[in-house]
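Notes follow the structure.
Every chain is numbered from 1, with letters handed out A, B, ... down the list of sequences. Values in this document were obtained by computation on a predicted structure and should not be read as measured data. What you see below is based on every heavy atom in this structure, not just the backbone, and it leaves out hydrogens, waters and symmetry mates.
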Number of protein chains: 2
Amino acid sequence: MTYSKDFAVKLKSSGYKLTPQRRAIISSILSSERSLTPQELHSSLVEKHPQIGLVTVYRTLELLNRLGLLCEFQPQGSARSFKAGPAEHHHHLVCRGCGEVVDFTGRCPIELKTSLERETGFLITDHQLEFAGYCRNCRGK
Amino acid sequence: MTYSKDFAVKLKSSGYKLTPQRRAIISSILSSERSLTPQELHSSLVEKHPQIGLVTVYRTLELLNRLGLLCEFQPQGSARSFKAGPAEHHHHLVCRGCGEVVDFTGRCPIELKTSLERETGFLITDHQLEFAGYCRNCRGK
DNA sequence: ATGACTGCAAATCGTTTGCACGGTA
DNA sequence: TACCGTGCAAACGATTTGCAGTCAT
């Protein structure tokens with residue numbers, strides 16, 4: 001919540017301005033515990049800030065993401081969405097039926113499949129684990 | 001490779017025909033150890049089968065996938081791709097630099113980050129684990 | 001004035017759909 | 001004859017780009 005400060009500081013220290021639009025977008029992201037798609041974010045903003053364009057939302061998300069302030073989700077078969085927080089690590093549980101995404105970041109091992117099923121009532125049919133980074137060739141930039 | 005039989009059997013037993021186009025698509029998928037995007041698949045086919053449309057590739061992939069004959073990949077930031085094999089379980093290692101995708105399906109625990117780095121030369125910066133299935137409401141169909 | 005930031009419209013990319021034709025049961 | 005499968009063109013949804021106007025330094 002008071003992350004807000006971090007966002008502002010990081011933006012400024014990286015040479016970017018904290019415009020009203022960016023402020024609105026950031027505050028909207030921070031006040032949602034769910035991750036939001038660009039569209040959802042835009043819709044939620046239009047009420048109070050009718051003039052904000054979807055394009056600006058995309059550009060801001062791209063910027064914040066690049067600065068490491070956002071966590072980008074893209075579960076198989078679902079829309080791309082973002083939430084506040086560092087990006088290095090997130091886990092989700094997706095419903096292939098209704099698309100619900102349950103975030104369980106913080107818990108790791110794959111053995112938790114069974115306990116997840118017990119706790120959430122999900123019937124888990126498959127999973128996907130993705131590590132990302134830089135390969136031997138790309139490491140040295 | 002001689003999976004080919006399985007594909008044919010499954011198709012027929014599910015009430016679908018094994019057309020020349022489908023045969024070509026299946027054989028192309030089976031002969032690649034990499035996972036392929038619809039576009040890549042189409043390009044690779046056009047040489048020998050100039051008349052196959054991209055749409056047919058999409059429709060066939062969708063069909064085979066629905067029959068459980070394919071494994072669908074969609075790493076964060078990469079294109080959607082498919083390879084032969086059951087879908088319930090796959091792991092990949094993606095290079096954020098060049099897009100290379102290393103498949104390491106078969107090995108599970110997250111603790112393998114370090115050993116993966118050692119073995120592949122990757123610098124791993126983040127990961128994502130996704131379980132999917134059906135939530136309490138969707139389980140009963 | 002300069003450069004950053006924005007909004008709009010148009011372009012692009014991957015994917016899906018509508019439709020009419022062709023082959024086969 | 002009735003369908004299934006196909007190709008083509010068009011529709012679509014998400015995202016990106018070009019461009020010209022605006023704002024703050």
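OP1 or OP2 of D:dT15 lies within a sub-4.0 Å distance of a side-chain N or O belonging to A:R80. At the phosphate of C:dT6, OP1 or OP2 sits under 4.0 Å from a side-chain N or O atom of A:T19. For A:R59 and D:dT17, the shortest distance from a side-chain N or O to OP1 or OP2 is not below 4.0 Å.
Comment: B:E72 does not engage B:K83 in a salt bridge, judged by the lack of any side-chain N to carboxylate O separation of less than 4.0 angstrom.
Between the CD atom of B:Q39 and the C1' atom of C:dT16 there is a distance of 13 Å, given to the nearest Å. We find that CG of B:L63 is positioned 13 Å from P of D:dC4, with the value rounded to whole Å. Spacing between atom CG of A:L54 and atom C1' of D:dT16 amounts to 11 Å, rounded to whole angstrom units. Distance CD1 (A:I52) to P (C:dG7): 6 Å, rounded to an integer number of Å. At whole-Å resolution of the value, CD in A:Q21 and P in C:dA4 are 17 Å apart. One interatomic measurement links the two molecules: CD of B:Q51 to C1' of D:dG5, which rounds to 13 Å at whole-angstrom precision. If you measure from atom NE2 of B:H42 to atom P of C:dC13, you get 16 Å, rounded to the nearest angstrom. Computed from coordinates, the B:L18 CG to C:dG23 P distance equals 18 Å when rounded to whole Å.
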task: Output, in order, the C-alpha distance, side-chain angles, deciding distance and verdict of side chain to side chain contact (heavy atoms under 4.5 Å, CB included) for B:R22 and B:I25.
output: CA-CA 5 Å; B:R22 288 179 179 169; B:I25 292 173; 5.6 Å; no

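Closest-nucleotide positions on DNA chain D for A:Y58 and B:K17 were compared, and the one nearer the 5' end corresponds to B:K17. Toward the 5′ end of DNA chain C lies the nearest nucleotide of A:G15, the other residue of the pair A:V55 and A:G15 mapping further downstream.
Between the side chains of A:S44 and A:S28, at least one donor-acceptor pair of N or O atoms lies under 3.5 Å.
No side-chain heavy atom of B:T19 sits under 4.5 Å from any side-chain heavy atom of B:T56.
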